[in-house]
Amino acid sequence: MSAAAAHQRSPIVLERMAPTHLADVLALGRELYDTSVKPYTSWSLSAIAGHMDADASSCWVALDGDALAGFVIGSMGFDQRTDWGNLEWIASAPAYQGQGVASHLVQACCATLTAAGATAVVTDVESRNTASAALMRRNGFKESVSVTLFVRDAPDAIA
Ligand SMILES: CC(C)(COP(=O)(O)OP(=O)(O)OC[C@H]1O[C@@H](n2cnc3c(N)ncnc32)[C@H](O)[C@@H]1OP(=O)(O)O)[C@@H](O)C(=O)NCCC(=O)NCCS
């Protein structure tokens, strides 16, 4: 049975991310993020664990039975702003995209961070990621500061 067919039979359930979900979460991220380029180069088990271990953690999985349909990873604090929540990572498995899974994950993550005292929730979106930008706008995020990564290649590469 395909994941999409399974989805029609069992509702997607959101649960707090637990250590038992880590292998699937790490694998789905590796499948969907191009870890050779910013902002995805830091995707790793320790990046996930850092959020899970935080005092005010907001990490959720969307499950279709035992299958991972998506995840969101965040916690309180963004750089030096302890009053901001950080929604750092989100993904939906390809078979579940376009069905509102990520929207539900964004809402759960933001609700947890707001309950923990966040005055705002911050997320960064890579400029070409139109799906992610649309997802965030649809869920109440407004565009703020843009930061462009300037890269200077090594002299040999320039020549
Ligand atoms: C971005 C992503 C998480 C969206 O997941 P999703 O489960 O398909 O999103 P939803 O079904 O909840 O869609 C919510 C909104 O997002 C927008 N959206 C989602 N996919 C889109 C797409 N491919 N193109 C344009 N807009 C899209 C739409 O505005 C949608 O609103 P709608 O319900 O009115 O159509 C998913 O495409 C993904 O996993 N991408 C790869 C990983 C990634 O880039 N993550 C973000 C960086 S950490």
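All ligand and atom numbering here is 1-based and tracks the order in the structure.
In terms of polar-atom proximity, A102 is counted as a contact of ligand 1, with an N or O under 3.5 Å from an N or O of the ligand. On a distance-only criterion, R138 and ligand 1 share at least one N/O pair closer than 3.5 Å. Residue S92 places at least one N or O, backbone or side chain, under 3.5 Å from an N or O of ligand 1. At under 3.5 Å, a nitrogen or oxygen of S103, whether backbone or side chain, sits near a nitrogen or oxygen of ligand 1.
Neither the backbone nor the side chain of V125 comes within 4.0 Å of ligand 1, counting heavy atoms alone. Here Q99 has backbone heavy atoms under 4.0 Å from ligand 1, and that is the only part of it that gets that close.
Of the possible polar contacts, one joining the W43 side chain to the L26 backbone as a donor-acceptor pair under 3.5 Å is found. Checking side-chain atoms of D34 against main-chain N and O of S36 turns up a donor-acceptor pair under 3.5 Å. Here the side chain of S92 pairs no donor or acceptor atom with the backbone of Q97 at under 3.5 angstrom.
Under the 4.5 Å side-chain criterion, counting only non-hydrogen atoms from C-beta, F141 is not in contact with V125.
The protein heavy-atom contact nearest to atom 45 (N) of ligand 1 is I90 O, 2.8 Å. Here the heavy atom of the protein found nearest to atom 44 (O) of ligand 1 is N129 ND2, 2.7 Å. Here the protein heavy atom with the shortest distance to atom 25 (C) of ligand 1 is A131 CA, 4.0 Å. Nearest protein heavy-atom contact of atom 15 (C) of ligand 1 is L135 CA, 3.9 Å. Atom 42 (C) of ligand 1 has as its closest protein heavy atom Y33 CE2, 3.7 Å. Nearest protein heavy-atom contact of atom 11 (O) of ligand 1 is G100 N, 2.7 Å. Of the protein's non-hydrogen atoms, the one nearest atom 40 (N) of ligand 1 is Q97 NE2, 4.0 Å. In terms of protein heavy-atom proximity, atom 26 (N) of ligand 1 is closest to A134 CB, 3.6 Å.
For E143, the CD atom is loosely surrounded, since the number of other residues' heavy atoms within 6.0 Å does not exceed 12. The neighbour count for H104 NE2, taken as heavy atoms of other residues, nucleotides or ligands under 6.0 Å away, does not exceed 12.
Within a 4.0 Å radius of atom 30 (C) of ligand 1, the protein has no heavy atom.
Between K38 and E126, none of the side-chain N atoms (NZ, or NE/NH1/NH2) sits under 4.0 Å from a carboxylate O, so this pair counts as no salt bridge.
When the options A69, A62, S132 are ranked by their closest heavy atom to atom 1 (C) of ligand 1, first place goes to S132.
Between F71 and Y33, the ring planes are perpendicular. Angles over 60° get that label, and only those under 30° would be called parallel.
For the salt bridge (Lys or Arg N to Asp or Glu O under 4.0 Å) test, no residue two or more places apart in sequence or in another chain qualifies with R138.
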message = For R16 and V61: C-alpha separation, side-chain torsions, deciding distance, then whether side-chain contact (heavy atoms from CB on, under 4.5 Å) applies.
response = CA-CA 6 Å; R16 287 279 197 170; V61 287; over 6 Å; no
